[in-house]
Amino acid sequence: MKKKHVEVWDRCLAVIKDIVHDQSFKTWFEPIKPLKLEEDVLTIQVPSHFFYEWLEEHYITLLKKTIKKELGAEGRIEYSIIMDDYGSQQPYAMRALTGNRKDTQNPPVSMPLDLNRGTSKDIPNPFIIPGLKKIKIESQLVPTYSFDNFIEGECNRLARTAGFAVAENPGKTAFNPLFIYSSTGLGKTHLAHAIGLQAKNKNPEKTVLYVQTEQFVNQYTESVRNNNRNDFIHFYQMIDVLIVDDIQFLAGKESTQDTFFHIFNHLHQNSKQLILTSDKPPVELKGLEQRLLSRFKWGLSADLGVPNIETRIKILKKKIENEGIVDIKDDVVEYLAYSITTNVREMEGVLISLIAQSTLNKKAITIDLAREIIDKFVKNTSHDISIDYIQKIVCDYFGMSVDLIGRKTRKREIVQARQLAMFFSKKHTKLSLATIGLQCGNKDHATVLHACKTVTNLMETDKTFLKCVNEIDKRIHN
Ligand code: ADP
Ligand code: MG
């Protein structure tokens with residue numbers, strides 16, 4: 001007789017099979033293994049983190065509906081992910097995010113740390129027993145967030161170099177703490193993991209731990225509730241390389257800050273490495289105690305900037321290579337890199353959807369498909385701006401008549417105005433490259449792409465030109 005969880009999952013599959021495409025079913029549902037059914041929670045095992053994210057992104061509604069149909073309104077799914085953490089196959093338990101994922105910023109490996117894991121029952125506090133072997137602590141690191149996968153660019157040189165130095169010699173450099181900050185989607189979490197992975201690689205005897213600030217706060221609260229705050233503190237004081245991601249979330253949490261302060265001091269005094277990330281530099285952090293902020297400034301603060309076009313293209317190509325995707329043409333890659341300028345996560349999101357759309361719907365990966373997806377995914381705040389309007393602003397700026405834009409000429413000023421008009425049309429409208437080309441002097445899409453590239457390159461090398469562009473941009477928005 002079949003076990004209950006297998007039965008339930010089989011019935012779910014029967015429903016799903018009728019709904020999704022044959023190939024998708026084979027790819028995304030056949031590899032799933034039901035593990036157990038407890039209360040109303042069905043645990044399913046998926047082969048990788050990517051797989052899990054894919055399900056969450058594309059099939060969560062379907063999964064949710066089916067499971068509720070089988071188990072009733074309280075029915076839920078929990079994933080168990082097989083992850084290759086340095087050779088050992090460690091299943092990671094994870095609650096289904098059930099569609100309304102609050103934080104897409106961090107890899108959702110959010111298994112709560114079991115503070116007592118590995119400790120023998122009669123020795124509840126390993127820290128005060130001299131000579132006791134350290135308990136084994138899982139690092140919570142995501143293997144794909146490695147240095148190899150973290151593309152170097154002008155935007156991250158300092159942080160990356162410092163991070164590498166810290167990983168080679170944790171606690172021994174002047175960069176302690178290493179404080180990495182940037183706005184969202186620019187690689188803080190990735191770099192923090194890379195440092196942790198490298199540190200572990202180079203110093204296998206050291207205990208490395210990555211923790212999100214929210215997790216830390218929750219664990220702290222839990223420890224207070226369970227009356228084992230000291231165990232909590234001791235646990236963290238045993239770490240050699242402690243990575244705390246998004247430290248800004250400590251704001252307003254005074255007793256957690258106080259506890260973190262003690263942990264910080266202990267680690268720092270014992271030459272243990274601290275790596276912190278935040279959305280702002282220490283001076284701008286609000287709601288954090290002064291004594292903490294002053295400590296954050298002890299080491300090195302390094303920011304991550306917005307990657308330039310070259311770096312964005314490299315990031316996309318690396319991602320494509322890692323996904324093992326056959327061929328995405330360079331012009332599509334460039335189109336993505338030119339279209340999404342300020343957030344690497346958003347850029348990757350579009351790439352992943354593009355790959356998904358093309359595999360699931362058997363569509364070729366073209367610039368048009370890319371544009372469709374960008375329209376859907378990336379916020380576009382300026383629908384109403386038209387090409388004509390943009391042309392007018394550009395021409396007014398240079399004091400020339402608008403109809404010169406369409407003129408067949410190689411005159412430098414006219415070519416430049418035309419290129420700028422194309423660039424801004426690309427930036428501010430949802431029109432296709434072909435349409436923009438057509439309306440800007442009857443050119444083809446390749447010319448428009450070339451124009452965008454030229455303008456972006458010039459912006460990066462020529463300050464006066466950059467000023468012009470910003471000036472025009474402002475006028476377009478007024
Ligand atoms: P943050 O923590 O700053 O919000 P993340 O570290 O989560 O940003 O980065 C968002 C995505 O962008 C991740 O998938 C990450 O791998 C990718 N990414 C950011 N910067 C780079 C880079 N320099 N090279 C490769 N991938 C990058
Ligand atoms: Mg992050």
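Keep in mind that this is a model prediction, so the values were computed, not measured. Numbering of ligands and ligand atoms starts at 1, following listing order.
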K.L.:
How far apart are the C-alpha atoms of Trp28 and Tyr59, what are their side-chain angles, what is the distance that settles it, and do they pass the side chain to side chain contact (heavy atoms under 4.5 Å, CB included) test?
P.N.:
CA-CA 9 Å; Trp28 301 109; Tyr59 296 112; 3.8 Å; yes

K.L.:
Does Thr189 bring an N, O or S atom to under 2.8 Å of the Mg ion (ligand 2)?
P.N.:
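Yes.
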
K.L.:
Is it true that Asp462 and Lys467 make a salt bridge, defined as a side-chain N closer than 4.0 Å to a carboxylate O?
P.N.:
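A salt bridge is absent here (no side-chain N lies under 4.0 Å from a carboxylate O).
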
K.L.:
Would you mind listing which atoms of ligand 1 come within a distance below 4.0 Å of any non-hydrogen atom of Tyr145?
P.N.:
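Near Tyr145, the atoms of ligand 1 are 13 (C), 14 (O), 16 (O).
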
K.L.:
Between ligand 1 and Leu186, is the shortest N or O to N or O distance under 3.5 Å?
P.N.:
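Looking only at distances, the answer is yes, because the N/O contact criterion of under 3.5 Å is met.
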
K.L.:
If we only count N/O pairs under 3.5 Å, is Ile151 in contact with ligand 1?
P.N.:
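Yes, there is a polar N/O contact under 3.5 Å.
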
K.L.:
Which atoms form the tightest heavy-atom contact between Asp331 and His445, and what is the distance?
P.N.:
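The answer is OD2-NE2, 4.4 Å.
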
K.L.:
Has ligand 1 got any nitrogen or oxygen that is less than 3.5 angstrom from a nitrogen or oxygen of Thr189?
P.N.:
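Between Thr189 and ligand 1 (N or O atoms, distance only) the closest approach is under 3.5 Å.
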
K.L.:
Can you tell me if CD on Glu254 sees more than 12 non-hydrogen neighbours from other groups inside 6.0 Å?
P.N.:
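No, CD of Glu254 has 12 or fewer neighbouring heavy atoms, counting only those of other groups under 6.0 Å.
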
K.L.:
Run through Phe260, Phe235, Phe249 and flag the one making a ring pair (Phe, Tyr, Trp, His ring centres under 6.0 Å) with Phe216.
P.N.:
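So the option named by the test is Phe260.
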
K.L.:
Which atoms of ligand 1 are found less than 4.0 Å from any heavy atom of Gly185?
P.N.:
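So the atoms of ligand 1 that pass are 1 (P), 3 (O), 4 (O), 8 (O).
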
K.L.:
For Ile315, counting its heavy atoms only, list the atoms of ligand 1 lying under 4.0 Å from any of them.
P.N.:
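By the 4.0 Å cutoff, the relevant atoms are 21 (C), 22 (C), 23 (N), 24 (N), 25 (C), 26 (N).
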
K.L.:
Got a donor-acceptor contact below 3.5 angstrom from the Asp240 side chain to the Thr207 backbone?
P.N.:
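Yes; judged by distance alone, with no hydrogens or angles, the pair exists.
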
K.L.:
Assess whether atom CD of Glu310 is packed by more than 12 heavy atoms of other residues, nucleotides or ligands within 6.0 Å.
P.N.:
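Check fails, neighbour count at 12 or below.
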
K.L.:
Can you tell which part of Lys318 has a heavy atom less than 4.0 Å from ligand 1: side chain, backbone, both or neither?
P.N.:
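Near ligand 1, Lys318 shows nothing, with every heavy atom at 4.0 Å or more.
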
K.L.:
Compare Arg160, Arg345, His190 and give the one whose heavy atom is closest to atom 16 (O) of ligand 1.
P.N.:
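Of the listed residues, His190 has the closest heavy atom.
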
K.L.:
Once you measure the plane-to-plane angle for Phe179 and Phe296, does it fall in the parallel (<30°), tilted (30-60°) or perpendicular (>60°) bin?
P.N.:
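Taking Phe296 first and then Phe179, their aromatic rings sit tilted (interplane angle of 30° to 60°).
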
K.L.:
Going by atom types only, do His190 and Asn149 share a side-chain donor-acceptor pair under 3.5 Å?
P.N.:
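No donor-acceptor contact under 3.5 Å links the two side chains.
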
K.L.:
Please work out whether any backbone atom (N, CA, C, O) or any side-chain heavy atom from C-beta onward of Asn156 is under 4.0 Å from ligand 1, and answer side chain, backbone, both or neither.
P.N.:
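Asn156 to ligand 1: side-chain contact only, backbone stays beyond 4.0 Å.
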
K.L.:
For Asn149, take its heavy atoms, then give the atoms of ligand 1 lying under 4.0 Å from any of them.
P.N.:
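With Asn149 as reference, the close atoms of ligand 1 come out as 24 (N), 25 (C), 26 (N).
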
K.L.:
Pick, from Ile352, Val344, Leu316, the option with the minimum heavy-atom distance to atom 19 (C) of ligand 1.
P.N.:
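It is Val344 that holds the nearest heavy atom.
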
K.L.:
Heavy atom under 4.0 Å from ligand 1: found in Thr184's side chain, backbone, both, or neither?
P.N.:
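For Thr184, backbone and side-chain atoms both sit under 4.0 Å from ligand 1.
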
